[in-house]
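Only one structure is covered here, and it is reproduced in the block below.
As the structure lists them, so they are numbered: ligands from 1, and atoms in each ligand from 1.
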Amino acid sequence: MAFFDPTATVKELRGTFDSGKTKSYEWRVSQLKALLKLASFHEKEIIDALHSDLSKPELESFLFEIALMKTGCKLALKELRSWMAPEKAKTSMTTFPSSAEIVPEPLGVVLVISAWNYPFLLSLDPVIGAIAAGNTVVLKPSEIAPATSSVLAKLLGQYMDCSAVKVIEGAVPETTALLEQKWDKILYTGNGKVGRIVMSAAAKHLTPVVLELGGKSPVIVDSDIDLKVSARRIIAGKWGCNNGQACISPDYIITTKDYVSELIDALSSELEKFYGKDPFKSDDLSRIVNSNHFHRLCKLLDDDKVSGKIVHGGQKDITNLKIAPTLLLDVPEDSLIMNEEIFGPLLPIITVNKLEESFNIIKSKEKPLAAYLFTNNKKLKEDFISNISAGGLVVNDTAMHVAVSTLPFGGVGESGMGAYHGKFSFDTFSHQKAVLLRSFAGDLAARYPPYTQKKQKLLRALLNGSLIGIIRVLLGWE
Ligand code: NAD
């Protein structure tokens with residue numbers, strides 16, 4: 001990485017912001033269009049980089065990285081004028097006569113730190129929000145996906161206004177140096193340990209943060225379902241999302257003891273249809289990102305507490321960093337695999353006597369980023385929605401909420417804070433400025449000293465919104 005001076009970088013971006021250039025509608029549109037262009041003109045280069053970093057299948061790269069990013073960009077372009085428009089607010093009798101509005105204004109200079117698993121989307125999706133809201137921005141992609149990081153640095157350098165949008169590549173030292181600077185907002189995507197580092201650094205400058213973290217996202221499976229469709233949708237959210245290396249991938253399944261064999265049979269049969277008898281030969285599964293993560297996953301699998309629990313898969317290929325889609329049955333609660341986010345192709349299944357017990361299992365853990373339920377039972381759906389706290393919930397599918405831009409995307413508790421996507425991205429990078437407009441008419445003497453009993457009575461009547469009370473005080477009847 002070329003030498004960079006974080007202080008000078010922020011100073012330059014603050015200068016650009018202070019010039020007012022990034023506030024204009026035209027500038028924002030030009031930058032959003034530039035993002036769209038770079039994604040369209042360089043699709044192959046981006047897909048190749050994602051393949052080099054993760055062996056990500058082309059269809060997944062196109063759909064979940066490029067197309068999702070472009071959809072976000074197009075939505076911002078379509079809605080920008082309405083998002084930027086001040087919103088009228090009601091006023092009360094206390095300030096009569098007056099009008100009020102909420103004016104969204106950019107925060108200033110923002111930092112986006114992204115993760116390796118969806119290195120293109122997770123870098124540019126927040127940048128869309130930052131630009132749409134009129135900020136200048138530094139993007140720090142993940143060093144663990146070096147090919148994508150380098151493509152991002154090259155393409156953003158080529159297409160974007162470099163006085164306002166910069167990519168700083170690097171690892172811990174570079175990120176640490178960036179975090180020492182004063183930012184107006186930081187959006188960080190990654191694990192909770194580093195999330196804490198980011199939040200402590202931000203606290204020094206009272207910088208607000210969005211932390212997009214992960215967690216153990218459960219899937220509850222009832223028995224009154226379309227089993228084939230459910231199995232396919234669980235597989236699509238797990239192995240079809242970067243081979244389980246996705247923050248909203250199913251982390252573990254809970255089902256009843258009576259139903260589990262049917263579920264395992266369906267999952268195994270669909271897995272074989274999708275990836276063949278030898279999944280290592282399939283081009284449709286990402287590899288494990290690097291040997292550190294490969295060994296981390298092997299440790300979960302080699303834990304004595306789960307030996308003999310594998311009911312499907314389990315094969316490992318260290319040379320090519322591949323682990324087969326793996327199902328484990330009845331792993332103990334105190335096993336390693338049940339005590340950290342798996343973030344890979346292993347899927348444990350826990351069994352209960354009654355499905356309702358699953359709620360207590362989920363609630364005994366930290367709040368997850370996503371929770372899923374497969375059922376046709378109306379009461380169970382309602383109980384799930386009202387009882388389970390998670391970043392997002394999906395009934396009868398997995399991971400699809402991420403594609404609904406009218407829904408906020410973010411965690412709660414250990415799975416993160418703040419949210420983005422669609423208008424929520426714009427709001428995340430804006431300050432909602434409260435503006436009250438008054439004229440010189442209606443100057444109420446009661447608010448000024450000397451404070452008298454009559455003035456107090458009048459103010460009380462005003463605050464109570466009692467027109468009769470006001471008249472009575474003014475007529476001296478009170
Ligand atoms: P990562 O290793 O790419 O790290 C994320 C970023 O943090 C990188 O840019 C990295 O350079 C930086 N970083 C690492 N160590 C640092 C340090 N000591 N100080 C400052 N910066 C540092 O990604 P990861 O953490 O392995 O990502 C996986 C985690 O992210 C999982 O928990 C997953 O659930 C979560 N995730 C969440 C979302 C979401 O949208 N909520 C999306 C993807 C991943």
Side-chain angles (χ1 to χ4, degrees), residues 1 6 53-54 56 64-65 68-69 72 111-126 129 138-149 152-153 167-181 183 186-202 209-217 237-238 241-251 286 288-290 292-294 296-297 340-344 366-370 390-392 399 401-403 407-421 424-425 428:
M1 207 210 72
D53 286 332
L54 288 145
K56 197 171 272 201
F64 302 136
E65 303 250 21
L68 267 184
M69 176 270 182
L111 173 64
V112 172
I113 305 172
S114 80
W116 54 265
N117 60 332
Y118 284 83
F120 185 76
L121 180 76
L122 296 178
S123 295
L124 294 189
D125 222 10
V138 165
L139 164 65
K140 211 301 291 174
S142 174
E143 71 282 13
I144 294 181
T148 312
S149 172
L152 283 165
V167 178
I168 303 292
E169 287 190 271
V172 179
E174 290 78 8
T175 319
T176 307
L178 285 169
L179 285 172
E180 279 162 12
Q181 304 302 310
W183 304 92
I186 301 172
L187 187 147
Y188 163 80
T189 304
N191 66 74
K193 196 169 149 232
V194 176
R196 284 168 169 81
I197 296 175
V198 170
M199 204 169 166
S200 318
V209 291
V210 173
L211 300 179
E212 291 286 338
L213 312 177
K216 290 187 83 61
S217 299
K238 179 74 175 179
C241 282
N242 204 26
N243 206 1
Q245 301 166 105
C247 54
I248 48 171
S249 268
D251 190 275
S286 296
I288 307 307
V289 66
N290 60 23
N292 285 347
H293 280 274
F294 184 87
R296 178 184 63 78
L297 289 161
E340 61 178 78
E341 182 182 1
I342 297 169
F343 218 61
E366 298 293 352
K367 292 179 180 179
L369 185 58
H401 58 309
V402 77
L407 289 176
F409 184 76
V412 56
E414 279 285 319
S415 56
M417 61 182 73
Y420 72 127
H421 284 189
F424 302 98
S425 294
T428 276

[atom] - nearest protein heavy atom and its distance:
{"atom": "atom 5 (C) of ligand 1", "value": "Thr189 O, 3.5 Å"}
{"atom": "atom 34 (O) of ligand 1", "value": "Glu341 OE2, 2.6 Å"}
{"atom": "atom 10 (C) of ligand 1", "value": "Glu143 OE1, 3.4 Å"}
{"atom": "atom 12 (C) of ligand 1", "value": "Ile113 CG2, 4.2 Å"}
{"atom": "atom 40 (O) of ligand 1", "value": "Phe409 CE2, 3.3 Å"}
{"atom": "atom 25 (O) of ligand 1", "value": "Asn191 ND2, 2.5 Å"}
{"atom": "atom 24 (P) of ligand 1", "value": "Trp116 NE1, 3.6 Å"}
{"atom": "atom 6 (C) of ligand 1", "value": "Ser114 O, 3.5 Å"}

query = Would you call the rings of His421 and Phe409 parallel, tilted or perpendicular if under 30° counts as parallel and over 60° as perpendicular?
reply = parallel
Residue selection (non-hydrogen contact nearest [atom]) among [options]:
{"atom": "atom 39 (C) of ligand 1", "options": "Ala177, Cys247, Gly190, Pro141", "answer": "Cys247"}
{"atom": "atom 15 (N) of ligand 1", "options": "Val194, Val402, Ile197, Leu122", "answer": "Val194"}
{"atom": "atom 18 (N) of ligand 1", "options": "Val289, Val172, Leu369", "answer": "Val172"}

So for Ile248 against ligand 1, with non-hydrogen atoms under 4.0 Å, the contacting part is neither
Mind listing the closest non-hydrogen atom pair of [X] and [Y] along with its distance?
{"X": "Ser249", "Y": "Lys238", "value": "OG-O, 3.7 Å"}
{"X": "Leu122", "Y": "Ser114", "value": "O-CB, 3.5 Å"}
{"X": "Ser123", "Y": "Pro119", "value": "OG-O, 2.6 Å"}

Criterion salt bridge (charged side-chain N to carboxylate O under 4.0 Å, His left out) on Lys140 and Glu169, from CA distance to verdict:
CA-CA 6 Å; Lys140 211 301 291 174; Glu169 287 190 271; over 6 Å; no
- Ion pair Arg196/Glu414, N-O distance below 4.0 Å: yes
For the 3.5 Å polar cut-off, considering only N or O atoms, please tell me whether Gly215 and ligand 1 meet it.
no
Cation over ring face, Lys216 and Phe343, 6.0 Å, 45°:
no
Atom indices of ligand 1 within 4.0 angstrom of [X] heavy atoms, with elements:
{"X": "Gly214", "value": "34 (O)"}
{"X": "Thr175", "value": "11 (O), 20 (C), 21 (N)"}
{"X": "Ile144", "value": "2 (O)"}
{"X": "Ser142", "value": "1 (P), 3 (O), 9 (O)"}

